[in-house]
Amino acid sequence: MHTNWYCDDINSYQRRETVEVTIGGIPMGGSNPIRVQSMTTVDTMDTEGSIEEVIRMVDSGCEYVRITAPSIKEAENLKNIKEGLKARGYDVPLVADIHFTPNAAEVAAKIVEKVRINPGNYADKKKFDFIEYDDETYQAELERIRERFIPLVEICKEHGTAMRIGTNHGSLSDRILSRYGDTPLGMVESALEFLRICDDLDYHNIVLSMKASNTQVMVQAYRLLVQKMQEEGLKPYPLHLGVTEAGDGEDGRVKSAVGIGTLLEDGLGDTVRVSLTEAPEAEAPVAAALINRYDDRAATADQINTTIDASPKNPFQYERRKTIEVDTFGDHNVPRVIADFSEVENIQMSDLKSIGHHYLPATDKWGMSDHGADFIYTGKAPLPFMSPSGMKNIVDADIWQSNMDTYPLFSVENYFSSANKHNSLNFVRGNINDINEQVIEDLSKDTTVVLWIFSENSHTMPELRAILFKLYAANVGCPVVIERDYKNVTPDELQLYCSTDIGGVLIDGLGDGVFLKPLPSNNKEELLDQLTTSNRLAFGILQAARTRMTKTEYISCPSCGRTLFDLQETTAMIRKRTDHLKGLKIGIMGCIVNGPGEMADADYGYVGSGKGKITLYRGQDVVKRGVPSESAVDELIKIIDGDGNWFESETSEIEA
Ligand code: SF4
């Protein structure tokens with residue numbers, strides 16, 4: 001087996017073969033469809049409210065519903081919720097969510113179909129201590145976990161209850177952090193400590209997850225888990241996929257699709273939970289749209305024209321592909337965004353507002369927002385006015401002339417035989433069949449080319465990745481722009497599909513630019529609206545794949561029965577005041593029990609710590625405790641300001 005193995009075939013779609021797990025009447029894994037699930041947000045002690053919410057979730061497509069059980073009393077109340085649901089004709093399998101409380105888990109496991117434990121806190125309290133272990137003391141720790149964990153495993157075996165061992169990047173135990181650090185390997189080991197005990201006790205009704213809000217870490221951890229299970233000869237247990245604290249709206253969907261979609265493309269994943277800071281019934285349709293793409297994938301995909309059958313780079317670690325610098329592409333430059341104006345007729349200066357460039361007639365100057373496209377492609381004619389500073393114009397090679405202030409776009413076929421080329425920047429477009437050995441050889445000698453790749457294969461992401469793997473393996477350093485073009489998709493599908501197809505390539509450090517065509521329209525206003533969307537999506541995908549930060553990132557929890565304030569309202573309020581602080585990561589967490597751990601690498605944190613009380617964090621450190629919620633956002637801004645990270649928004653000036 002290749003050392004970089006995590007899936008049998010990176011070039012053709014095939015679901016990973018997993019063991020079947022029994023979860024009430026809806027089995028998971030094996031040949032079962034990929035399941036959809038979500039989690040309630042109302043207080044678990046609110047029996048009627050929980051029943052109503054579960055029903056709304058099931059009606060929206062949830063096949064399992066998770067409910068938090070922070071203590072024995074909530075665990076016991078799961079019985080009332082279950083009976084209430086049964087009386088209303090709903091037999092959906094319920095999952096108890098457990099943190100810190102083995103006694104609640106042991107109660108819940110006798111009532112519901114599945115329990116989720118967090119290996120970071122099932123047998124450990126977080127003290128943020130660094131502990132030196134030798135093999136003997138580490139072994140003693142494992143013995144202690146075993147003692148704590150065995151009763152739950154025995155109950156699950158006796159009652160036919162399933163279990164998810166759900167690692168969270170943000171809540172690893174001090175033991176794991178001390179030994180493995182805050183790494184994908186630490187996440188995997190955290191789960192394996194518990195999985196080995198289950199295996200030893202001959203208990204196999206298990207599902208695993210490796211969630212993180214950092215999509216790169218999340219993807220690497222799932223891949224590594226698959227590899228390690230195989231290496232240790234453990235059964236191929238099903239995977240529950242999710243990106244934690246993804247946020248809300250488009251950002252939440254894009255981030256979820258980048259992480260979850262990347263894994264689904266490689267056939268990994270048996271159930272999906274999309275975590276949005278929205279009503280829980282909004283999550284299932286997003287998960288379903290992500291999953292449904294694979295129904296006919298194997299049947300419709302073309303064979304990918306490549307001989308590279310395993311990742312030539314380490315798939316468990318982020319590493320940007322080494323490229324030369326061509327103009328502002330590649331090397332240390334952030335990936336670029338190219339806007340497609342080739343279908344826009346009679347282009348006016350004001351039209352460029354759709355891609356973040358605002359003409360200011362009063363001063364005869366251009367303003368640029370954080371989402372100003374870097375390049376504009378205008379096809380058969382150049383822009384009829386001078387390009388805004390900060391943006392360059394690409395045209396088709398057959399109309400390009402060297403005295404134009406533009407750059408040519410060639411096909412692979414025409415480029416190498418053309419006598420008329422730009423002396424420093426040429427775009428060369430082709431698909432996997434065009435990029436043969438001769439072309440790779442020619443590209444290796446040309447320092448003016450940015451390769452522009454596209455795919456018409458339904459197995460798009462792997463085909464685009466295969467082109468980049470060809471270049472990677474041949475050590476060819478030309479920068480690469482990724483093109484995607486969608487027709488006959490809804491705006492919601494566009495959001496998820498392009499995030500998967502482009503994000504899945506970027507997340508592995510491949511790709512130096514994005515060209516996302518707008519959904520087609522014959523109406524100019526509508527087309528400009530579509531251009532706004534595709535431009536925003538391009539920047540959103542780059543941010544979600546963590547390759548170019550152009551906006552504030554909100555790491556907000558999806559909320560659950562522990563939540564101490566209205567998360568949606570609060571997130572919207574914080575976003576309104578801070579969304580111009582580009583590159584800053586702000587965690588917004590519903591409770592102090594899990595919030596600080598789960599906001600992971602946020603720069604600042606706003607965490608519910610009591611009724612109407614907020615605790616504010618700088619990184620993982622508490623700055624102010626018990627701040628009344630009415631003044632907490634102002635206090636947060638004061639902390640950001642005190643650190644020199646605050647500035648006033650300039651949007652209004654640009655919009656003028
Ligand atoms: S951080 Fe949010 S979702 Fe997680 S347990 Fe606390 S309130 Fe629930």
Side-chain angles (χ1 to χ4, degrees), residues 37-46 49-50 53-54 57 62 65-71 73-75 77-78 95-101 104-105 108 115-122 125-126 164 166-172 209 211-214 218 240 242-248 252 255-256 273-283 554-572 574 585-602 604-617 620 622 629 632:
Q37 61 173 296
S38 179
M39 185 168 178
T40 58
T41 58
V42 297
D43 186 336
T44 310
M45 293 312 290
D46 176 359
S50 296
E53 196 173 48
V54 172
M57 290 163 70
C62 274
V65 174
R66 183 155 49 111
I67 304 178
T68 187
S71 73
K73 73 176 189 330
E74 285 88 356
N77 202 44
L78 292 171
V95 186
D97 196 57
I98 306 291
H99 296 271
F100 298 106
T101 46
V115 284
R116 176 270 167 125
I117 62 146
N118 178 341
N121 61 29
Y122 191 76
K125 294 266 177 285
K126 194 108 189 109
R164 169 159 66 100
T167 300
N168 232 326
H169 181 219
S171 53
L172 297 173
S209 63
K211 298 195 191 181
S213 80
N214 178 329
M218 174 259 184
H240 162 127
V243 173
T244 51
E245 285 78 44
D248 60 355
K255 199 168 173 184
S256 300
R273 192 261 168 128
V274 171
S275 304
L276 300 173
T277 308
E278 294 179 21
E281 57 268 30
E283 296 181 343
Y554 299 94
I555 303 172
S556 56
C557 79
S559 89
C560 71
R562 286 186 192 265
T563 311
L564 291 159
F565 54 81
D566 184 327
L567 254 157
Q568 274 174 269
E569 209 175 87
T570 308
T571 304
I574 295 176
K585 300 198 267 310
I586 301 179
I588 307 162
M589 298 288 141
C591 78
I592 199 104
V593 183
N594 296 318
E598 292 191 12
M599 68 191 179
D601 57 354
Y604 296 96
Y606 180 107
V607 180
S609 53
K611 230 178 164 13
K613 292 281 185 280
I614 305 299
T615 294
L616 299 170
Y617 285 73
Q620 285 287 332
V622 173
S629 54

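From a predicted model like this one, the values you see are computed outputs, not experimental measurements. One-based numbering, in listed order, for ligands and for the atoms of each.
Annotation: protein N, O or S atoms under 2.8 Å of atom 6 (Fe) of ligand 1 (waters excluded) comprise Cys591 SG.
Summarising the geometry of Val95 relative to Val115, their closest heavy-atom pair is CG1-C, 4.3 Å, with the distance given to 0.1 Å. The minimum heavy-atom distance linking Ile555 with Met599 is given by the pair CD1-O, 3.9 Å. In plain terms, the two heavy atoms of Leu276 and Gly252 that are nearest each other are CD2-C, 3.7 Å. Considering all non-hydrogen atoms of both residues, Met39 and Pro280 come closest at O-CB, 3.4 Å.
For the pairing with Lys211, the side-chain hydrogen bond (donor to acceptor under 3.5 Å, both in side chains) check across His240, Glu245, His169 returns one residue only, His240.
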Q) Would Glu53 and Thr41 satisfy side-chain hydrogen bond (donor to acceptor under 3.5 Å, both in side chains), going step by step from the backbone distance to the final call? A) CA-CA 8 Å; Glu53 196 173 48; Thr41 58; 2.7 Å; yes

